[in-house]
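Structure, as structure tokens:
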Amino acid sequence: MNSNPKSKSMTTLDAPSFAQRPGQAGRRRLVSLGALLLAALGSFLATPSHAQDIPTSPSFVDDFKSFDRARWYVSDGWNNGSHQNCTWSKGQVSLSDGVLSLGFEKQQLKDREFACGEIQTKQRFGYGTYEARLKTDTGSGLNAAFFSYIGPSDKQPWDEIDFEILTKDTSKVQVNAYIAGKGKNEKLVDVPGGTESAFNDYAFVWQKDSLRWYVNGQLVNTITDPAKLPTHAQKIFFSFWGSDTMKGWMGAFADPGRKLSLQVERVAFTALGEPCQFPESLACSVK
């Protein structure tokens, strides 16, 4: 079982609620009026690049030494639909010595028996390298996710690029992409040693003519079919949630009897054509 290895200085974030993404079979993610207004006011900072056709916000690295409220929203007080058995809660988002934790625990909030955590960027990003260093807990009926997404409430088609760890089996991670709301690009790939035993590096490289997923620097999936490649800038998400109903995909849910967590040690975006930002970055070795 996983526990937080850096338990000192735990700070729970008291952030505003944002960005409701009601689910359609567990997938549709729509943003709230508040997020729409922010987008209309220019939360998307576009920067041109000779290597890109899609505008993008700038490259960044976040090692969670602090919580950057200019970059992140925290979901609070709602859920994605009937498939989700927990309510997003800002109380499930915390920092501890350079690790961001998204929690899942038994806590009655509104009409749900459990509380769970999610964050998303305010900005949208285009072609480049997306990477995160993650460690999960274990438990059937739970989904620990690192993904990018944009959708109809942003006045865009639904495009999405996924890493989803279904913690019923921590030896694997599912990669996927949704293009104009159509998926069926999923693939289960191995995570040597398991997602719960240590921090692992998950990355995808999104280019105009390809989409590639990597686990600990190893290429695990590639899409080159133009019909299966995203074409719209997206926000970056982390989430940890459960379901009583999606048993075929996530496994039968059982009360874990304790607080579980998805831990994030680092996340980075490196725009296409820009130099890598830290020595371990996939962008240093993969073009």
Side-chain angles (χ1 to χ4, degrees), residues 1-8 61-64 92 94-105 116-119 129-148 161-177 185-205 211-223 236-243 249-254 256-270 276-286:
M1 293 294 183
N2 180 35
S3 60
N4 191 339
K6 299 181 178 181
S7 59
K8 301 177 183 178
V61 180
D62 196 332
D63 57 9
F64 295 109
Q92 297 299 320
S94 61
L95 289 181
S96 175
D97 293 351
V99 174
L100 173 81
S101 292
L102 302 181
F104 181 95
E105 68 176 329
C116 49
E118 179 183 70
I119 64 172
T129 300
Y130 298 68
E131 47 196 329
R133 187 165 174 79
L134 310 178
K135 185 178 181 181
T136 75
D137 235 310
T138 63
S140 185
L142 298 167
N143 186 332
F146 158 50
F147 61 98
S148 62
I161 306 169
D162 293 332
F163 279 102
E164 294 182 291
I165 299 166
L166 309 177
T167 57
K168 66 178 183 179
D169 180 2
T170 55
S171 70
K172 300 182 184 300
V173 61
Q174 180 176 287
V175 299
N176 202 357
N185 300 305
E186 64 270 8
K187 179 182 179 181
L188 277 174
V189 299
D190 292 333
V191 180
T195 68
E196 86 290 2
S197 60
F199 281 92
N200 291 279
D201 293 301
Y202 305 87
F204 59 86
V205 180
L211 181 57
R212 293 169 287 160
W213 287 263
Y214 295 79
V215 175
N216 293 325
Q218 300 299 308
L219 180 65
V220 295
N221 194 41
T222 302
I223 291 177
I236 299 170
F237 286 75
F238 294 97
S239 65
F240 189 34
W241 57 280
S243 175
W249 182 45
M250 293 169 57
F253 177 81
R258 64 182 181 91
K259 183 173 182 176
L260 306 180
S261 66
L262 164 63
Q263 299 175 58
V264 187
E265 200 171 59
R266 180 179 58 228
V267 58
F269 167 75
T270 305
C276 63
Q277 303 178 87
F278 55 98
E280 303 85 1
S281 174
L282 186 72
C284 298
S285 57
V286 173

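Just so you know, these numbers use all the heavy atoms, side chains as well, and skip hydrogens, waters and symmetry mates.
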By side chain to side chain contact (heavy atoms under 4.5 Å, CB included), which residues pair with [X], not counting sequence neighbours?
{"X": "Asp63", "value": "Lys65"}
{"X": "Glu280", "value": "Arg266, Phe278"}
{"X": "Val220", "value": "Val189, Trp213, Val215"}
{"X": "Ser197", "value": "none"}

Ring pair (Phe, Tyr, Trp, His ring centres under 6.0 Å) between Phe146 and Tyr202, worked out: CA-CA 8 Å; Phe146 158 50; Tyr202 305 87; 7.6 Å; no
Is a side-chain donor or acceptor of [X] paired with a backbone partner of [Y] at a separation under 3.5 angstrom?
{"X": "Ser140", "Y": "Ala252", "result": "yes"}
{"X": "Thr167", "Y": "Gly139", "result": "yes"}
{"X": "Gln277", "Y": "Ala268", "result": "no"}
{"X": "Lys187", "Y": "Thr222", "result": "no"}

Which residues share a side chain to side chain donor-acceptor pair (under 3.5 Å) with [X], sequence neighbours left out:
{"X": "Ser148", "result": "Gln234"}
{"X": "Asn200", "result": "Asn216"}
{"X": "Ser243", "result": "Thr245"}

Shortest non-hydrogen contact from [X] toward [Y]:
{"X": "Thr136", "Y": "Ala144", "result": "CG2-CB, 4.0 Å"}
{"X": "Thr270", "Y": "Cys276", "result": "CG2-CA, 4.5 Å"}
{"X": "Ala203", "Y": "Glu131", "result": "CB-CB, 3.7 Å"}
{"X": "Leu102", "Y": "Phe240", "result": "O-CD2, 3.4 Å"}
{"X": "Ile223", "Y": "Ala177", "result": "CD1-CB, 4.5 Å"}
{"X": "Ala283", "Y": "Thr129", "result": "CB-OG1, 4.1 Å"}

Identify, with sequence neighbours excluded, every residue that meets salt bridge (charged side-chain N to carboxylate O under 4.0 Å, His left out) alongside [X].
{"X": "Arg133", "value": "Asp201, Glu265"}
{"X": "Lys172", "value": "Asp190"}
{"X": "Asp169", "value": "none"}

Is any side-chain heavy atom of [X] less than 4.5 Å from a side-chain heavy atom of [Y]?
{"X": "Val286", "Y": "Arg212", "value": "yes"}
{"X": "Asp137", "Y": "Arg258", "value": "yes"}
{"X": "Phe237", "Y": "Ile119", "value": "no"}

Let me confirm one number: the [atom1]-[atom2] distance from [X] to [Y], rounded to the nearest 0.5 Å.
{"X": "Ser171", "Y": "Leu188", "atom1": "OG", "atom2": "CG", "answer": "8.5 Å"}
{"X": "Asp62", "Y": "Ile236", "atom1": "CG", "atom2": "CD1", "answer": "10.0 Å"}
{"X": "Glu105", "Y": "Gln92", "atom1": "CD", "atom2": "CD", "answer": "4.5 Å"}
{"X": "Glu196", "Y": "Thr170", "atom1": "CD", "atom2": "OG1", "answer": "3.5 Å"}
{"X": "Leu262", "Y": "Ile165", "atom1": "CG", "atom2": "CD1", "answer": "7.0 Å"}

Step-by-step side chain to side chain contact (heavy atoms under 4.5 Å, CB included) determination, Gln263 to Phe199: CA-CA 8 Å; Gln263 299 175 58; Phe199 281 92; 3.9 Å; yes
Apply ring-ring contact (aromatic ring centres under 6.0 Å, His included) to Tyr130 and list each qualifying residue two or more places apart in sequence or on a separate chain.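 Tyr130 satisfies ring-ring contact (aromatic ring centres under 6.0 Å, His included) with Phe204, Phe269 once adjacent residues are dropped.
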Residue list, ring-ring contact (aromatic ring centres under 6.0 Å, His included) with Phe253, at least two apart or on another chain: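 With sequence neighbours excluded, Phe253 shows a ring-ring contact (aromatic ring centres under 6.0 Å, His included) to Phe104, Phe114, given in chain and number order.
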What do the steps show when you test Val267 against Phe238 for side chain to side chain contact (heavy atoms under 4.5 Å, CB included), and what is the final call? CA-CA 10 Å; Val267 58; Phe238 294 97; 3.6 Å; yes
